[in-house]
Amino acid sequence: MMVKELKNIEKVDILSFQQDLISWFKEEQRDLPWRKDQDPYKVWVSEIMLQQTRVDTVIPYFNRFIEWFPTIDVLAKADEEKVLKAWEGLGYYSRVRNLHSAVKEVQEKYDSKVPDNPKDISSLKGVGPYTAGAILSIAYGVPEPAVDGNVMRVLSRILSIWDDIAKPSSRKIFESAVRELISHDEPSAFNQALMELGALICTPTSPSCLLCPVRDHCQAFHEGTASELPVKTKKNKQKQVQLAAVILTNEEGKILIHKRPENGLLANLWEFPNVEILHPFVIERGNITALFQEAFDLNIKLDKGIGQIEHIFSHLVWNINVFKGTIHYDIHLNYDWKFVTPAEMEQYAFPVSAHKMFKLYNDFNEK
Ligand code: SF4
């Protein structure tokens, strides 16, 4: 069935569009480490890393990840702590936890070979339609669409599609468009070329139309509407959360760290003990001490406020007041609480917010 919004495809000379796009990509593509070969495992790792994260940021993470876990078997056997450590700083940690469990499934169920068909690959944890399409097309040459925000932006302009790309239902329209347009001879180059065009030329705010290899095929260019597309409604405002965190040392100068729960935000990462401040007026030492007692049964002595940091997630913002303090060594500790030296902290995976706090702490102590 031809979706109504795809009527504009009739205006595109598909063969010539494919040729212009693919030959540009072959000339201009960036030299990226995951493009060195078409190993489906490497394509998979790179695509998961690239979700919500810039290419420049991903490159060193990708190289180190592949160095630490060069194959599916090595990753499947690895400790979660080490896998989280390899991801430390990239954010969206559920992505790597899902990758880790999906890789175990590939090892057990598919003899360590990434599935090469839509049904099996889509059943793996964390592999949505985009990742499935990217692996199938790039690594296996299957003409499947790989539609992310970049591709929706580019195609909304080329085909003058005015559906709101923030709505999940719009993805289907763009997948249908790619199915119509994709080269069956070179699906890998075609999908990568669309992504590359979105990254280098058809950028969100000021597309470089004069340099664009598919300008002749682009309806937004001809109609002068490139700056109005894509249509994307704004997300709801992020929720603001106030926290108080404390870097606590014992008599030996060791620091108390706490492992977050195994589900939810930043699951299984380590952090400095913290509590939510529901009423801003309680940001006062006596009240905070009482909150720690209530939340964790910790009897702490709060020393000084050492600064504030902000940590932004897609849906909320943590505003954290950071303190230093002390605690007696002989508190009751279980597996998710540890006293560690600063050097031992290297073995644990922390979110970026904890690194920022530790920097505040070190700067404060050096004053
Ligand atoms: S001509 Fe401009 S708007 Fe159209 S695809 Fe190229 S860069 Fe994007």
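Counting starts at 1 for both ligands and their atoms, in listed order.
- Taking Ile, Leu, Val, Met, Phe, Trp and Tyr as hydrophobic and joining them when side-chain heavy atoms fall under 4.5 Å apart, one finds Val352 isolated, its cluster having no other members.
- Listed by chain and number, the residues in a side-chain contact (heavy atoms from CB on, under 4.5 Å) with Tyr92 are Gln52, Arg95, Ser314 (sequence neighbours excluded).
- A cation-pi arrangement is absent between Lys259 and Trp337 under the rule of less than 6.0 angstrom and at most 45 degrees off the ring axis.
- The tally of protein N/O/S atoms under 2.8 Å from atom 4 (Fe) of ligand 1 stands at 1.
- By the side-chain contact (heavy atoms from CB on, under 4.5 Å) test, Ala244 is found to be paired with Val275, Ile277, Ile288, Phe323, residues two or more places apart in sequence or in another chain being considered.
- In this model, no donor atom of one side chain and acceptor atom of the other lie less than 3.5 Å apart for Ser183 and Gln19.
- The distance between the ring centers of Trp87 and Tyr61 does not fall below 6.0 angstrom.
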